[in-house]
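Shown next, in structure tokens, is the structure this report addresses.
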Amino acid sequence: MPPNLWRSSLLPMLHPVLESRLRAALTAVLPDADLSSVQVRPTGDPKLGDYQANAVMSLAKEKRMNPRQLAAEVVAKLDLTDLCEGVEVAGPGFLNFRIRSSAYEAVLQAALRGEHLFVDRATAPRTVVVDFSSPNVAKPMHVGHIRSTVLGDALSRTLRVLGHRVETDNHIGDWGTQFGMLLIGWKTLLDREALERDAIAELERLYKSVNAACDADPAARERAKAELVKLQAGDAENLSIWKEMIRLSQVQFDTIYGRLGVKFDHTLGESFYNPWLGPVVQDLANLGVARDSDGAKAVFSDGSIPPKEDPFKIQRDGEWLDAPLLVQKSDGGFNYATTDLATLEYRLKTWAPSEILYVTDGRQQGHFRQVFAAFKLWQPEAAARVRLVHVWFGSILGEDGKPFKTRSGDTVKLADLLDEAEERALAVVREKRPDLPAAEQAEIARVVGLGAIKYQDLLPNRQSDYVFSWDKMLALQGNTAPYLQYQYTRAAKLVRDGGFDPASGAAIRIEAPEERALARQLVNFGIVLAAVAEECRPNYLCNYLYDLAGHSSRFYEACPVLKSEEPLRSSRLALCHLTAAVLKQGLGCLGIGVSEKM
RNA sequence: GCGCCCGUAGCUCAGUUGGAUAGAGCAUCCGCCUUCUAAGCGGACGGUCAUUGGUUCGAAUCCAAUCGGGCGCACCA
């Protein structure tokens with residue numbers, strides 16, 4: 001890339017320019033080197049510079065060269081005078097880049113003109129199917145659904161901001177053995193008034209009471225089973241009751257998703273795939289992928305990989321035994337593996353995605369390993385064209401370290417959880433901002449309460465269990481949603497009070513160290529979003545935003561904005577504007593809203 | 001028994017191809033509001049990264065073993 005080209009282009013980030021120039025220099029020194037691992041990343045410690053590259057050390061090791069000498073040769077070939085104040089070779093062979101203020105200013109200026117927000121939108125968008133939330137019909141949504149819902153939503157939003165096509169699909173549990181009991185309950189125990197009042201509670205009551213009856217009396221279990229068989233055979237009455245139960249449940253789902261601000265492009269429940277289950281098993285059997293096993297049909301290993309890595313093998317008493325995936329029960333019924341395979345085939349045919357993300361809890365790892373492997377045996381060519389990712393997460397625990405339950409031991413309903421978050425937030429808003437009208441307080445409490453729940457869920461590494469804590473979540477200090485939302489309102493208010501117009505063509509000047517630190521953080525927004533999408537870890541974004549909030553706070557502390565003289569005033573207002581924009585967009589990627597006042 | 005995950009400050013947790021002196025919040029202590037939102041900022045205190053060995057210029061990160069914890073192991077999803 002010729003020098004200075006980046007200035008006139010719409011480049012939203014600096015590190016790709018450094019990377020491509022570094023690659024060019026490396027090619028000049030080592031024409032045949034593999035440069036795929038060459039990366040330029042922000043330095044961990046700003047004292048060392050703004051960006052660093054470590055690749056020279058590993059390349060030197062590969063080529064059995066002296067790393068410091070190689071680094072020196074590469075630096076000699078690097079022309080970065082337009083971007084960097086200097087490039088240093090440090091320690092055993094680190095390359096440290098110190099960015100010129102003018103380079104930061106140019107990127108910020110382009111952002112101010114609205115050309116980008118430090119994010120590189122995909123030039124070749126991928127289609128990604130995101131499967132998440134998946135609540136069950138006739139049951140209340142509970143805490144167990146929040147991680148999947150919040151994570152899946154955040155990943156979908158982030159992928160879209162990066163320019164990818166996303167198909168969100170809610171694979172609801174609308175089919176299964178529980179409907180036998182629900183049908184019996186509906187026909188014999190239904191309380192119409194209770195159904196009017198709270199449909200889900202009534203359905204839950206029916207299920208619990210029939211379930212108890214079945215446990216006590218095998219004859220009751222048989223009657224439930226008979227209702228299920230009738231439903232599956234297409235009995236008109238049972239079908240219409242079943243559809244009504246789905247409709248009532250969907251009303252509940254829609255209410256909750258509405259509150260959470262979560263939308264699905266598709267809601268294709270398990271029942272949608274019923275017509276394909278038989279053919280899928282037939283196809284698997286015809287191809288020899290599935291075979292009879294104790295009266296059932298199951299997918300076995302083809303022995304092509306070592307047993308240790310084979311999801312269809314298990315070791316017992318030193319011997320490797322088959323651990324097949326069951327696709328048809330001995331009574332002829334199908335199970336969730338069958339549905340998952342049919343679903344997978346449907347998604348590939350319908351949307352041709354390059355990637356499918358399954359956002360479920362970690363206990364299903366074994367299942368998905370088997371389903372993905374079974375699909376590969378079934379349709380190798382299709383499997384080769386798609387990346388199937390199980391995006392798994394840990395459990396939510398109570399303060400006692402055990403799975404999160406109410407005091408009486410019941411699961412915590414999602415609706416109650418959201419209510420309590422808003423109530424607690426409202427109490428804080430009333431205390432902090434008694435000057436605001438009640439309606440405005442309520443709206444702030446809504447945004448803050450929901451944000452707090454989502455943020456607490458997204459902040460920990462998704463694979464670890466986390467402890468649910470009202471106090472920590474709604475705390476006003478520390479790495480929490482309310483803190484980030486507060487920093488947004490501060491920046492936004494400065495922009496308003498300053499009467500700043502981003503289109504005014506204000507010139508940005510980066511001089512104070514706090515301005516520089518803030519600029520550096522802003523410019524690195526896109527790197528973080530890319531990492532979130534790549535590893536399906538929104539917590540990277542949480543930590544980035546927390547750091548950004550810290551930098552902006554220190555900037556206000558050290559650099560007066562409204563009280564400064566022009567042109568400094570406009571330059572700093574521009575920084576506030578961009579900070580607010582990135583905070584809003586970043587929180588937006590997490591599905592968290594902001595309020596103009598707090 | 002086999003497999004997956006985890007063990008980091010008193011507590012709750014981060015830690016991006018292995019990278020520079022391991023970070024944050026809470027708690028404790030000390031500063032800073034007649035000055036753009038103090039829901040804030042700065043500072044102090046606090047760690048044998050479970051243990052032991054290995055790989056290498058370099059290990060919380062990779063490998064092996066041990067100890068401790070969670071979860072999963074075909075006709076539920």
Side-chain angles (χ1 to χ4, degrees), chain A residues 36-39 41-45 48 52 54-55 57-58 60-61 67 90-94 96 134 136 173 176-178 270 293-298 308 311 313-318 320-331 333-337 339-340 360-367 369-370 392 394-395 397 401 428-429 431-433 448 459-461 463-467 469 471-472 475-480 482-483 485-487 489-490 493-494 497-498 527-528 531-532 534-535 537 539-540 542-543 546-547 550 553-554 556-558 560-564 576 597-598:
Chain A
S36 56
S37 66
V38 173
Q39 285 189 343
R41 296 285 99 137
T43 54
D45 183 352
L48 301 166
Q52 65 177 23
N54 303 338
M57 288 181 284
S58 42
K61 181 187 263 184
F94 297 101
N96 292 332
S134 312
N136 289 317
T177 48
Q178 77 271 28
E270 293 167 352
S293 172
D294 298 333
K297 284 198 173 63
K308 203 169 163 54
K313 290 284 185 185
I314 188 172
Q315 195 176 38
R316 189 151 293 171
D317 301 328
W320 288 100
L321 304 177
D322 284 319
L325 177 69
L326 212 72
V327 291
Q328 186 167 25
K329 300 189 276 188
S330 50
D331 67 2
F334 304 104
N335 56 15
Y336 75 134
T339 313
D340 280 346
T360 84
D361 77 271
R363 287 173 300 195
Q364 297 187 42
Q365 282 176 89
H367 167 70
R369 249 166 59 85
Q370 287 195 318
W392 62 270
S395 316
L397 307 176
V428 178
V429 175
E431 186 199 322
K432 300 278 180 187
R433 294 303 301 269
V448 169
L459 177 63
N461 179 324
Q463 289 170 334
S464 43
D465 298 341
Y466 78 91
V467 175
S469 161
D471 293 335
K472 208 160 289 177
L476 310 164
Q477 59 280 93
N479 196 351
T480 64
Y483 170 67
Q485 290 166 324
Y486 165 70
Q487 291 297 349
T489 64
R490 278 187 81 178
K493 181 157 191 293
L494 284 170
D497 290 353
I527 302 182
V528 174
V532 169
E534 180 59 34
E535 295 184 43
R537 294 188 188 279
N539 62 311
Y540 293 165
C542 297
N543 289 318
Y546 181 59
D547 288 339
S553 211
R554 267 162 260 143
Y556 306 140
E557 208 67 32
V561 177
L562 300 179
K563 290 167 194 159
S564 299
C576 293
K597 290 183 190 169
M598 268 181 82

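Throughout, a chain's letter reflects where its sequence line sits, starting with A, and its residues are numbered from 1.
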Could you write out RNA chain B as dot-bracket? Rules: Watson-Crick or G-U wobble, both distances under 3.5 Å, brackets [ ] for crossings, | for pairs with another strand, dot for unpaired. (((((((..((((.....[...)))).(((((.......))))).....(((((..]....))))))))))))....
Proximity to the side chain of A:N461 - top-ranked nucleotide from B:G15, B:U16, B:G19: B:G15
Among B:C41, B:U17, B:A14, the nucleotide that comes nearest once only the side chain of A:Y483 is considered: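 The answer is B:C41.
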Give a yes/no on whether any side-chain N or O of A:N539 is located under 4.0 angstrom from OP1 or OP2 of B:G15.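 For B:G15, OP1/OP2 do have a side-chain N/O of A:N539 under 4.0 Å.
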Has A:S469 got a side-chain N or O lying under 4.0 Å from the OP1 or OP2 atom of B:C11? no
Using the [atom1] atom as the reference point in each nucleotide, state the distance between [N] and [M] in Å, no decimals.
{"N": "B:A27", "M": "B:C6", "atom1": "P", "value": "30 Å"}
{"N": "B:U34", "M": "B:A38", "atom1": "C1'", "value": "15 Å"}
{"N": "B:G15", "M": "B:A59", "atom1": "C1'", "value": "14 Å"}
{"N": "B:A9", "M": "B:A50", "atom1": "C1'", "value": "15 Å"}
{"N": "B:A14", "M": "B:G58", "atom1": "P", "value": "29 Å"}
{"N": "B:C45", "M": "B:C2", "atom1": "P", "value": "47 Å"}
{"N": "B:G69", "M": "B:U51", "atom1": "C1'", "value": "15 Å"}
{"N": "B:U66", "M": "B:G19", "atom1": "P", "value": "28 Å"}

Please figure out whether A:K61 or A:V467 has its closest RNA chain B nucleotide nearer the 5' end.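 First, find each residue's nearest nucleotide; the 5'-ward one identifies A:V467.
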Go nucleotide by nucleotide along RNA chain B from the 5' end; which of A:R369 and A:L397 gets its closest nucleotide reached first? A:R369
Residues that [X] engages under side chain to side chain donor-acceptor pair (under 3.5 Å), provided they are two or more places apart:
{"X": "A:D465", "answer": "none"}
{"X": "A:Y556", "answer": "none"}
{"X": "A:S395", "answer": "none"}
{"X": "A:R433", "answer": "A:D435"}

Tell me every residue that passes side chain to side chain contact (heavy atoms under 4.5 Å, CB included) with [X], counting only those two or more places apart in sequence or in another chain.
{"X": "A:N461", "value": "A:Q463, A:S464, A:R537, A:N539"}
{"X": "A:F334", "value": "A:L277, A:V281, A:Q328, A:T338"}
{"X": "A:D45", "value": "A:K47, A:L48"}

Atom pair distance, as rounded to whole Å: [atom1] in [X] and [atom2] in [N]:
{"X": "A:I527", "N": "B:U16", "atom1": "CD1", "atom2": "P", "answer": "15 Å"}
{"X": "A:Q463", "N": "B:C4", "atom1": "CD", "atom2": "C1'", "answer": "10 Å"}
{"X": "A:R554", "N": "B:G40", "atom1": "CZ", "atom2": "P", "answer": "13 Å"}
{"X": "A:L459", "N": "B:A14", "atom1": "CG", "atom2": "P", "answer": "8 Å"}
{"X": "A:N54", "N": "B:A59", "atom1": "CG", "atom2": "P", "answer": "15 Å"}

Looking at CG of A:L397 and OG of A:S469, how far apart are the two atoms once the value is rounded to the nearest 0.5 Å?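 If I round to the nearest 0.5 Å, the distance is 12.5 Å.
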Syn versus anti for B:C33, judged by chi lying within 90° of 0? syn
For nucleotides 7-10 of chain B, which of its nitrogen or oxygen atoms have a protein nitrogen or oxygen under 3.5 Å away, and what is each distance?
none

Need one value for [X]: base, sugar-phosphate or nothing, where a base atom within 4.0 Å counts as base even if backbone is also close, heavy atoms only.
{"X": "A:S553", "answer": "sugar-phosphate"}
{"X": "A:N96", "answer": "base"}
{"X": "A:D322", "answer": "nothing"}

Suppose we call a contact any N or O donor and acceptor under 3.5 Å apart; does that hold for the side chain of A:Q485 and the base of B:A39?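 Check fails, no donor-acceptor contact within cut-off.
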Indicate for each nucleotide in nucleotides 24-37 of chain B, in 5' to 3' sequence, whether protein heavy atoms under 4.0 Å reach the base (B), only the sugar-phosphate (S), or nothing (-). SSS--------SBB
Reading nucleotides 67-77 of chain B from the 5' end, what letters show protein touch, with B for base, S for backbone sugar-phosphate only, - for no heavy atom under 4.0 Å? ----SSBBBSB
Hey, does the side chain of A:D322 reach the backbone of A:K313 with a donor-acceptor pair shorter than 3.5 angstrom?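 Checked: no pair found.
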Within the sub-3.5 Å range, which N or O atoms of nucleotides 61-64 of chain B have a protein N or O partner, and how far apart are they?
none

Please tell me whether A:E535 and A:Y540 have a donor and an acceptor in their side chains that are separated by less than 3.5 angstrom.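 Present: a donor and an acceptor within the cut-off.
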